[in-house]
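Numbers here are sequence positions counted from 1.
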Amino acid sequence: DKPAGFVYAYFCPKCWYTIISDIYVRPEYRKLGVGATLLSKAEDWCKKHEAPLRIEVYDWNQDAMEFYKKRGYKFDCVVLEKENNPSDNS
């Protein structure tokens, strides 16, 4: 038997955030409440640190953004990235 999904969360004392770095639900278990249950359990665990909870979502993952927004999460910052290509002079 394979698990329906998993969540990974940790406390970062340097930045004073609790961070949910990964939530994954196998496709056949999506839309069944598994993700909401995993998120709820992670939130409960994070409460003991009394620090803001942060989740980073890639901009292409619109389903995840809607999932979190429905559960009270708000945009806090935007991270910009550029590939580090030594042959690119820009």
Side-chain angles (χ1 to χ4, degrees):
D1 288 339
K2 294 182 180 180
F6 68 88
V7 60
Y8 177 71
Y10 63 95
F11 174 66
C12 176
K14 185 175 182 179
C15 62
W16 199 256
Y17 281 104
T18 49
I19 299 169
I20 296 177
S21 66
D22 292 298
I23 292 183
Y24 175 75
V25 177
R26 295 174 60 82
E28 61 268 30
Y29 293 100
R30 293 178 186 165
K31 309 286 187 197
L32 299 175
V34 174
T37 299
L38 290 170
L39 181 61
S40 178
K41 295 292 184 185
E43 289 172 338
D44 289 345
W45 179 85
C46 290
K47 284 178 186 174
K48 70 181 179 180
H49 297 290
E50 298 179 358
L53 179 56
R54 177 166 278 184
I55 300 172
E56 294 181 4
V57 181
Y58 288 106
D59 64 343
W60 52 262
N61 196 343
Q62 295 296 314
D63 289 343
M65 282 191 238
E66 288 303 314
F67 173 81
Y68 296 123
K69 286 189 332 188
K70 286 180 185 176
R71 286 154 180 85
Y73 289 83
K74 299 174 186 147
F75 290 100
D76 179 55
C77 67
V78 174
V79 176
L80 302 174
E81 181 176 297
K82 180 179 179 183
E83 288 188 33
N84 187 9
N85 185 345
S87 63
D88 184 6
N89 293 326
S90 57

Joint hydrophobic cluster, V79 plus F75, side-chain heavy atoms closer than 4.5 Å: no
D44 bridged to K41 by N-O distance under 4.0 Å: no
Co-membership, hydrophobic cluster, residues V34 and I55, 4.5 Å side-chain: yes
Student check: side-chain heavy atoms of N61 and D63 closer than 4.5 Å: yes
Main-chain N/O of A36 paired to S40 side chain as donor or acceptor, under 3.5 Å: no
Any Y73 side-chain heavy atom under 4.5 Å of M65 side chain: no
Gap separating the NZ atom of K74 from the NZ atom of K69, nearest 0.5 angstrom: 12.5 Å
Can you give the donor-acceptor pairs under 3.5 Å from side chains of residues 7-25 to other protein atoms, not counting sequence neighbours?
{"residue": "Y17", "atom": "OH", "partner": "R54", "partner atom": "NH2", "Å": "3.0"}
{"residue": "T18", "atom": "OG1", "partner": "P52", "partner atom": "O", "Å": "3.1"}

More than 12 heavy atoms of other groups within 6.0 Å of Q62 CD: yes
Check: P27 and R30 side chains under 4.5 Å, non-hydrogen atoms: yes
Shortest non-hydrogen contact between A64 and V57, atoms and distance: CB-CG1, 3.8 Å
Euclidean distance, L80 CG relative to D59 CG, rounded to 0.5 Å: 10.0 Å
